[in-house]
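Heads up, the thing below is written out as structure tokens.
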Amino acid sequence: MNQPAKIKHALSVTREADFAAWYQDVIAEADMAEESGVRGCMVIKPWGYGIWERIQQQMDARIKDAGVQNCYFPLFIPLSYFAKEAEHVEGFAKEMAVVTHHRLIADGKGGLVPDPEAKLEEPLVVRPTSETVIGAAMARWIQSWRDLPLLTNQWANVVRWEMRTRMFLRTSEFLWQEGHTAHADRADAMAETLRALEMYRSFAEDVLAMPVIAGEKPENERFPGAVATYSIEAMMQDGKALQAGTSHYLGTGFAESAGIRYQDREGTQQFCHTTSWGVSTRLIGGVIMVHGDDDGLRVPPAIAPQQIVILPMLREDDGDAELLSYCEGLRTALAAESALGERLRVLLDKRPGKATQKRWAWVKKGVPLILEIGGRDAAGGQVSVLRRDRLWREDGKVNFVGMGRDAFIAAAPGEIEAIQRALHAEAAARRDSQIQRGIDSLDALADYFSEENRYPGWVELGWSRPTGAALEAVVATLKALKLTIRNTPMDGPAVSGQCLFTGLPAVERIYVARSY
RNA sequence: CGGGGAGUAGCGCAGCCUGGUAGCGCAGGUGCUUUGGGAGCAUCAGGUCGCAGGUUCGAAUCCUGUCUCCCCGACCA
């Protein structure tokens with residue numbers, strides 16, 4: 001954010017000036033998604049969906065590596081399935097879309113209305129999550145201890161009628177994967193819950209280059225019906241926290257309401273212990289707010305639909321054919337190289353138009369490497385390379401670096417991997433510098449999150465793990481400061497000292513932050 | 001759902017108060033010049049003013065309703 005004033009950034013709004021407007025601008029200028037005309041629903045455009053496809057593909061591989069099999073369950077869930085689990089229905093009731101009719105009829109005024117004759121016997125809920133319908137299937141599929149563990153996942157859309165929506169972060173309809181597993185006992189189910197959490201943590205770090213803290217949510221933040229909820233929490237550039245993935249140990253509650261039982265080795269009927277875990281298109285919102293800058297998106301190479309874009313500087317004259325031939329050869333040679341365990345994704349952008357204009361479009365999309373190739377490069381066997389994460393030179397000029405063609409081809413995989421690492425390192429350094437420790441009173445906490453401190457980040461506190469009414473009191477105190485407890489980290493040094501809220505000895509640590 | 005703001009050409013906006021032929025910038029087409037780095041000049045095209053009613057001789061403009069978006073709150077795996 002400390003660029004000299006002479007730099008003319010690609011976006012019209014900076015993060016510093018208005019972070020929320022900047023976020024919207026990145027999505028629009030990178031052409032990732034747009035409004036659909038339906039409240040809270042978005043059209044995901046090729047660049048945004050391409051990123052999602054990269055996320056899906058790599059997450060799916062990790063899910064399958066863990067022995068989980070993909071299935072697909074219905075979009076519509078009978079209302080009665082929800083009613084079986086009291087906490088669950090209460091948690092979701094206020095945000096469910098409900099189908100009540102199966103036919104329309106003319107209203108006599110040129111419009112259409114639901115046909116009263118076609119009212120459904122039982123309303124159908126558009127799934128906000130699928131524990132109930134998958135639980136019903138598990139009850140049919142599981143008979144014996146030999147059927148366990150049952151490990152399933154589905155890639156699906158879900159609908160939650162949120163009050164306030166934001167592109168990618170909270171949309172009425174979103175895309176996700178939801179893993180659902182059933183186990184013989186608590187230990188096995190908890191191991192699966194934590195395995196999924198670790199899968200999400202490493203995926204966020206390695207693939208999204210997004211540093212996260214994996215930990216357990218406090219009881220007031222638990223998934224409706226869960227016994228324990230774990231999350232990965234990422235810090236956005238405005239210091240707010242984003243819950244980027246969750247994993248739940250559901251105990252036997254869902255098994256009891258859905259009748260998921262098995263006969264153990266001794267012949268006794270037992271309830272299964274179930275888990276569920278998910279990540280969604282929200283991850284893309286996180287990538288934007290962790291890696292984006294005042295020139296638009298910066299996509300980590302591992303999820304970039306294109307990692308290298310070649311822009312020939314077409315002159316619309318006889319030299320173009322030779323230039324394009326050089327660029328095509330360059331593209332082919334690069335596409336034969338591999339980085340991050342995959343072939344490089346290289347696009348030769350032959351569309352008509354000036355290379356400079358196309359360059360800024362790709363800068364805003366955040367493609368990791370841009371090559372601009374002119375006639376002299378082609379003649380001299382050179383390339384001109386721009387790294388998206390090192391866009392500007394000290395003097396305020398665009399940071400193109402000239403290289404020999406063959407040297408670049410040899411170096412490209414290393415550059416792509418270096419960009420992946422650099423984005424992670426930059427985000428981790430920022431995150432670490434914005435975690436405040438040593439705050440020892442409520443006044444100091446309030447002071448730290450005062451208006452003047454614009455991007456305060458997170459505060460790490462010792463925590464006595466209060467429950468029930470004592471926890472509610474803490475939550476209310478924090479709410480007055482617009483703060484929430486994010487999670488208790490899974491690892492780290494032992495704690496000492498007092499809990500700032502209760503005065504009792506601290507037994508673990510928590511992170512407190514503003515959040516999305 | 002409460003408070004505030006907005007919806008006019010592909011995009012960004014003015015016009016509305018005080019009703020009278022729909023404007024500007026960017027993007028787009030064409031021509032010329034220029035071009036190793038986010039070009040210049042000329043010219044052309046593009047809009048039932050979110051939608052539905054109402055008032056009026058006449059509505060982008062006034063009134064009512066409605067939908068969508070943004071900000072703040074409430075809510076939120």
Side-chain angles (χ1 to χ4, degrees), chain A residues 7-13 18-25 27-29 31 34-42 87-88 90-96 109-111 127-131 158-167 169-172 174 176-179 217 220-226 229-232 242-248 250 276-282 295 311-317 323 352-364 370 372-380 382 384 386 391-392 396-400 402 479-480 482 484 515-516:
Chain A
I7 289 179
K8 187 183 168 192
H9 285 293
L11 299 185
S12 53
V13 192
D18 186 341
F19 196 81
W22 167 84
Y23 177 77
Q24 301 275 127
D25 207 32
I27 292 168
E29 293 294 325
D31 210 21
E34 64 185 18
E35 299 301 335
S36 64
V38 179
R39 204 198 103 86
C41 296
M42 61 180 176
E87 277 185 51
H88 192 59
E90 193 188 322
F92 283 106
K94 281 180 280 186
E95 54 183 58
M96 291 201 287
K109 293 181 281 189
R127 62 179 164 218
T129 181
S130 303
E131 277 75 8
V158 290
V159 168
R160 297 180 187 180
W161 215 261
E162 301 286 355
M163 287 298 171
R164 188 167 161 201
T165 59
R166 275 167 170 275
M167 285 226 197
L169 295 177
R170 183 174 292 108
T171 45
S172 300
F174 57 91
W176 77 346
Q177 59 68 216
E178 46 180 327
K217 301 293 274 185
N220 63 302
E221 299 270 354
R222 274 182 203 143
F223 176 71
T229 287
Y230 299 83
S231 71
I232 54 170
L242 182 73
Q243 179 173 302
T246 51
S247 184
H248 314 288
L250 302 174
S276 68
W277 28 274
V279 295
S280 72
T281 36
R282 170 181 274 192
D295 296 291
L311 299 176
M313 300 177 68
L314 301 171
R315 302 285 290 271
E316 298 189 347
D317 61 21
L323 176 59
K354 303 207 72 164
T356 47
Q357 291 187 340
K358 290 195 285 181
R359 170 170 89 214
W360 289 108
W362 286 113
V363 164
K364 288 186 284 191
I370 295 172
E372 283 187 21
I373 311 294
R376 258 175 259 167
D377 293 313
Q382 297 286 115
S384 187
L386 181 63
L391 193 56
W392 302 103
K397 297 239 168 66
V398 177
N399 190 23
F400 275 104
K479 190 172 178 179
K482 299 182 189 174
T484 55
S515 71
Y516 279 97

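In the text below, chain A, chain B and the rest are named by the order of the sequence lines, each starting its count at 1.
Of the possible polar contacts, none joining the Arg39(A) side chain to the Thr165(A) backbone as a donor-acceptor pair under 3.5 Å is found. At distances below 3.5 Å, at least one donor-acceptor pair connects side-chain atoms of Arg160(A) with backbone N or O atoms of Pro128(A). Glu162(A) places no side-chain N or O within 3.5 Å of a backbone atom of Thr171(A) that could act as its donor or acceptor partner. Tyr516(A) places no side-chain N or O within 3.5 Å of a backbone atom of Arg170(A) that could act as its donor or acceptor partner. Under a 3.5 Å cut-off, the side chain of Glu372(A) and the backbone N or O of Arg359(A) do not form any donor-acceptor pair.
Gln243(A) and Ser231(A) form no side-chain donor-acceptor contact under 3.5 Å, judged by distance and modelled atom types alone.
Nucleotide C49(B): unpaired (no Watson-Crick or G-U wobble partner with both distances less than 3.5 Å). If you check A6(B) for Watson-Crick or wobble pairing at under 3.5 angstrom, you find it paired to U68(B). As the counterpart of U34(B), no nucleotide is assigned, since no Watson-Crick or G-U wobble pattern has both distances under 3.5 Å. When Watson-Crick and G-U wobble pairs are counted only if both distances are under 3.5 Å, C76(B) pairs with no nucleotide at all. Remark: U43(B) base-pairs with G29(B). Criterion, Watson-Crick or G-U wobble with two distances under 3.5 Å. Remark: U55(B) base-pairs with no nucleotide in the shown strands. Criterion, Watson-Crick or G-U wobble with two distances under 3.5 Å. Both distances falling under 3.5 Å, in either a Watson-Crick or a G-U wobble arrangement, place G23(B) opposite C13(B).
As a whole-Å value, the separation of Ile27(A) CD1 from C69(B) P is 14 Å. Regarding Gln24(A), its CD atom lies at a distance of 17 Å from the P atom of U68(B), rounded to whole Å. Look at CE on Met42(A): it is 12 Å from P on C70(B), rounded to the nearest Å. If you measure from atom CZ of Arg359(A) to atom P of U35(B), you get 18 Å, rounded to the nearest angstrom. Atom CG in Leu314(A) sits about 14 Å away from atom C1' in G36(B), given to the nearest Å. Nucleotide C70(B) holds its P atom 16 Å from the CH2 atom of Trp22(A), rounded to whole Å. Distance Glu372(A) CD to G36(B) P: 13 Å, rounded to the nearest Å. Atom OH in Tyr23(A) sits about 15 Å away from atom C1' in C69(B), given to the nearest Å.
Evaluation of the side-chain contact (heavy atoms from CB on, under 4.5 Å) rule for Glu221(A) yields Lys217(A), Pro218(A), Thr484(A) as partners, not counting sequence neighbours. For Phe223(A), the ring pair (Phe, Tyr, Trp, His ring centres under 6.0 Å) partners two or more places apart in sequence, or in a different chain, are His88(A), Phe92(A), His248(A).
A distance of 5.0 Å separates CG in Asp25(A) from CG in Leu11(A), rounded to the nearest 0.5 Å. Taken to the nearest 0.5 Å, the OG1 atom of Thr229(A) stands 15.0 Å off from the CH2 atom of Trp277(A). Interatomic distance, OG of Ser384(A) versus CG of Asp377(A), reported as 6.0 Å (0.5 Å rounding). With values rounded to the nearest 0.5 angstrom, Glu178(A) atom CD is found 7.0 Å from Arg127(A) atom CZ. Taken from OG in Ser172(A) to CE in Met163(A), the straight-line distance is 11.0 Å, to the nearest 0.5 Å.
Going from the P atom of U68(B) to that of C51(B) covers 15 Å, rounded to whole Å. Taking atom P on both nucleotides, C24(B) is separated from G47(B) by 15 Å, rounded to a whole Å. Rounded to whole Å, the C1' atom of C32(B) lies 44 Å from the corresponding atom of C70(B). Of the C1' atoms belonging to A74(B) and U56(B), the separation is 43 Å, rounded to the nearest Å. Comparing the same atom, C1', in G50(B) and in A60(B) gives a spacing of 12 Å after rounding to whole Å. If you take atom C1' in G3(B) and the same atom in A45(B), they sit 44 Å apart, rounded to whole Å. Annotation: U66(B) and G2(B) have their P atoms spaced 11 Å apart (nearest Å). Between U18(B) and G12(B), the two P atoms lie 29 Å apart (nearest whole Å).
With the nearest nucleotide of RNA chain B identified for both Ala378(A) and Asp18(A), Ala378(A) has the one nearer the 5' end. Toward the 5′ end of RNA chain B lies the nearest nucleotide of Asp377(A), the other residue of the pair Thr165(A) and Asp377(A) mapping further downstream.
Between Ala378(A) and Ile373(A) the shortest heavy-atom distance is N-CG2, 4.4 Å. For the pair Ala21(A) and Val13(A), the tightest heavy-atom approach, listed with the atom from each and the gap, is CB-CG1, 4.0 Å. Nearest heavy-atom pair, Leu169(A) versus Tyr23(A), reported as atom, atom and distance to 0.1 Å: CG-OH, 3.5 Å.
Environment of CD in Gln24(A): crowded, with over 12 heavy atoms of neighbouring residues, nucleotides or ligands closer than 6.0 Å.
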Nucleotide by nucleotide, nucleotides 2-11 of chain B touches protein heavy atoms under 4.0 Å in the pattern (B base, S sugar-phosphate only, - none) ----------
Could you run down nucleotides 43-50 of chain B 5' to 3' and tag each one B, S or - for protein heavy-atom contact under 4.0 Å?
--------
Protein-to-nucleotide contact annotation, 5' to 3' order, nucleotides 26-34 of chain B [B base; S sugar-phosphate only; - none; under 4.0 Å, heavy atom]
---------
With B for base contact, S for sugar-phosphate-only contact and - for none (protein heavy atoms under 4.0 Å), nucleotides 72-77 of chain B reads BSBBBB
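In this model, the phosphate group of A39(B) is approached by a side-chain N or O of Thr356(A) to a distance below 4.0 Å at OP1 or OP2.
If you check every strand for non-hydrogen atoms under 4.0 Å, Gly40(A) touches sugar and phosphate atoms only. Within 4.0 Å of Arg376(A), counting heavy atoms only, lies at least one base atom of the nucleic acid. As judged by a 4.0 angstrom heavy-atom cut-off over every strand, Val398(A) is placed among residues making no nucleic acid contact. Backbone-only engagement by Gly37(A) is indicated by non-hydrogen atom pairs under 4.0 Å involving sugar-phosphate atoms exclusively.
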